[in-house]
Amino acid sequence: MTRTTSQPTLHPLEEYIQRLQTGDALLPDYPENVVEVVGILKSYGVVLDAYSRNLIYIADHQFLVFFPFFKYFNGEFTLSKLLQHWWHDRINYEYAEYCMKAMLWHGGGGLDAYLDSPEFQQLANQAIQARFKNNPLILGLNKLFPDFLTEQIRQLAYYSGLGQFWRVMSDMFIELSDRYDNGEITSIPQVVEHILNGLVADANKPITYSVKIKDRVYDIIPKSAGLTFLMDTAVPYVEAIFFRGTPFQGVVSYNAQVHQIPTEQKEFNYGALYADPLPIGGSGIPPTQLMQDMRHYLPDYLHEIYRKSCRGEDDLRVQICQSFQKSMYCVTTAAIRGLAPYPLDTTDPQQRQANHDYLQGWMDRFLTSRLLEVNQPTSRSCQLFPERKTASAG
């Protein structure tokens, strides 16, 4: 009898594990991908600048305002802006709030843990007492429902935390575009390296939050809480927005008996890495608002590519979403590299095995994502069938 040895079963996405270990990205290094990713991140950086400023404005200047009718005006209310707002000729800050609420709901990281701590409870209560010092009705309601106002402050802390996170990312993406314009960025690995360096440079940037009530400043998230940019905002953001997300109303049923939504929160896969670009533009799809915002700030070279596509600008939001999804796989590659237990190019066998196990965990989550789709060459041609070659008359 002959003895047979079974070969270890390779992961279905083993190719991408090997790609990451050799310094490549989850997105292939095609010239057209570089143009799309850099161009869309330039537009995204401009939009994130507006989102960041508004979220921080709401956190700082709409503190415990129950009906903030003009929260999207950043303190600069005019009749002209109101008309633009009603006509929807504006930045859709609602999408920024959608992301904030997704982070708040999914939680994770040090920010989520801190907001459940006794220290936060004490600081929040001090701010509540100061804010409603001369309002016995609200103070009485606060005694009857002690979690209501505290929960509002938790949400405001996420407004501020996400705003601070996006502030860093906006600057990072704008700098990436500038480097591309100067000829410094020519490949997808260079894009990933730029993002990774930015994440590392600001990894320990403190995340703090305080509000001014009358003439006194009240800490909500003091520096002593030890919250930082990377682990307490960036990582939870990737988890909540890139992977989990929330089911879009009007697309799936919220009826528990229909079972269209996973019963376990950790099984959600509605994030940016899974989203089908085709429904973009439909009712009830929050990313439509982001694509609408980005279309106003597309670099000319990217906009021209979209114009020359098969459908021109008729499906512009879908094309923007496809490019945006590619860019998010680059950002995810940077996050994976930055969080790896050892450098991915290590030659130590034990370290390589530890990295391989780590990458397998990521690949498990990518099995139902659009990773394979974004790795297909993008075709913008309208030609459905190749031209037939006709025999020459002889």
Side-chain angles (χ1 to χ4, degrees), residues 25 27 33-57 72 74 90-100 103 159-203 205 229-230 233-234 237-238 241-242 271-273 280 286-306 316-317 319-335 338:
L27 186 71
N33 280 345
V34 178
V35 174
E36 283 190 65
V37 167
V38 173
I40 206 65
L41 287 180
K42 166 65 181 297
S43 174
Y44 189 46
V46 175
V47 173
L48 286 189
D49 175 71
Y51 286 173
S52 170
R53 294 177 189 276
N54 185 248
L55 289 176
I56 292 175
Y57 167 78
Y72 296 146
N74 292 343
R90 60 181 175 88
I91 293 289
N92 290 288
Y93 295 115
E94 293 90 340
Y95 180 75
E97 289 188 303
Y98 161 79
C99 292
M100 177 276 299
M103 285 187 68
Y159 271 99
S160 181
L162 179 55
Q164 293 174 67
F165 166 72
W166 270 343
R167 173 75 271 139
V168 173
M169 301 306 293
S170 172
D171 295 340
M172 185 189 304
F173 295 149
I174 297 298
E175 183 186 359
L176 172 68
S177 176
D178 293 340
R179 293 185 63 198
Y180 174 79
D181 293 339
N182 294 332
E184 300 176 40
I185 299 292
T186 59
S187 68
I188 291 297
Q190 287 178 328
V191 171
V192 173
E193 189 70 21
H194 173 89
I195 297 172
L196 176 59
N197 290 340
L199 293 174
V200 172
D202 287 295
K205 182 181 177 67
F229 163 81
L230 182 62
T233 58
Y237 179 85
V238 169
I241 307 303
F242 284 18
L273 303 180
I280 293 300
T288 300
Q289 297 173 321
L290 174 61
M291 307 310 147
Q292 176 69 14
D293 290 339
M294 288 197 290
R295 72 189 297 267
H296 296 297
Y297 304 102
L298 295 173
D300 291 338
Y301 60 81
L302 182 57
H303 204 168
E304 187 62 23
I305 292 175
Y306 293 154
L316 183 59
R317 295 182 188 87
Q319 295 188 73
I320 290 173
C321 184
Q322 289 174 324
S323 299
F324 178 71
Q325 200 162 54
K326 290 181 178 182
S327 73
M328 293 302 99
Y329 276 98
C330 291
V331 176
T332 304
T333 300

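At least one side-chain heavy atom of N197 sits less than 4.5 Å from a side-chain heavy atom of E193. Side-chain contact check for V46 versus I174: some heavy-atom pair is nearer than 4.5 Å. Counting heavy atoms from C-beta on, the side chains of E184 and Q190 never come closer than 4.5 Å. Using a 4.5 Å heavy-atom threshold, the side chains of R53 and R167 count as touching. Residues V34 and T186 form no side-chain contact, since every pair of their non-hydrogen atoms from C-beta on lies 4.5 Å or further apart. Contact check for M100 versus W166: no side-chain heavy atoms found under the 4.5 Å cut-off. Side-chain atoms of Y237 and M103, non-hydrogen and from C-beta on, do get closer than 4.5 Å to each other. Between Y329 and V37, every side-chain heavy-atom pair lies at or beyond the 4.5 Å cut-off.
From Q164, atom CD reaches atom OH of Y159 across 15.0 Å, with rounding to the nearest 0.5 Å. Taken from CG in L290 to CD1 in I91, the straight-line distance is 9.5 Å, to the nearest 0.5 Å. For the atom pair CG of D171 and CD of E175, the computed distance is 8.5 Å after rounding to the nearest 0.5 Å. Interatomic distance, CG of N33 versus CG of L27, reported as 4.0 Å (0.5 Å rounding). To the nearest 0.5 angstrom, D49 atom CG is 14.0 Å from M169 atom CE. In this structure, OH on Y44 lies 8.5 Å from CE on M291, to the nearest 0.5 angstrom.
Here the shortest heavy-atom pairing between G163 and L55 reads N-CD1, 3.9 Å. Closest approach of V191 and C330 over heavy atoms only: CG1-CB, 4.5 Å. Between V192 and A25 the shortest heavy-atom distance is CG2-CB, 3.8 Å. Here the shortest heavy-atom pairing between I56 and S160 reads CG1-O, 4.4 Å. When all heavy atoms of V38 and S177 are compared, the closest pair comes out as CG1-CA, 4.0 Å. Nearest heavy atoms, G39 versus Y301: CA-OH, 3.4 Å.
At least one donor-acceptor pair closer than 3.5 Å links the side chain of T233 to the backbone N or O of F229.
Annotation: Y57 is not in aromatic contact with Y93 [ring centroid separation under 6.0 Å not met].
In the model, S323 has no side-chain atom that pairs as donor or acceptor with a side-chain atom of Q319 under 3.5 Å.
Ring pair Y95/Y51 is tilted by interplanar angle, where 30° to 60° counts as tilted.
The neighbour count for D300 CG, taken as heavy atoms of other residues, nucleotides or ligands under 6.0 Å away, does not exceed 12.
Each of L48, I195, L41, V331 was checked for a side-chain contact (heavy atoms from CB on, under 4.5 Å) with M172, and the lone residue meeting it is I195.
Remark: N92 pairs with R90, E94, Q289, Q292, D293 by the side chain to side chain contact (heavy atoms under 4.5 Å, CB included) rule, at least two apart or across chains.
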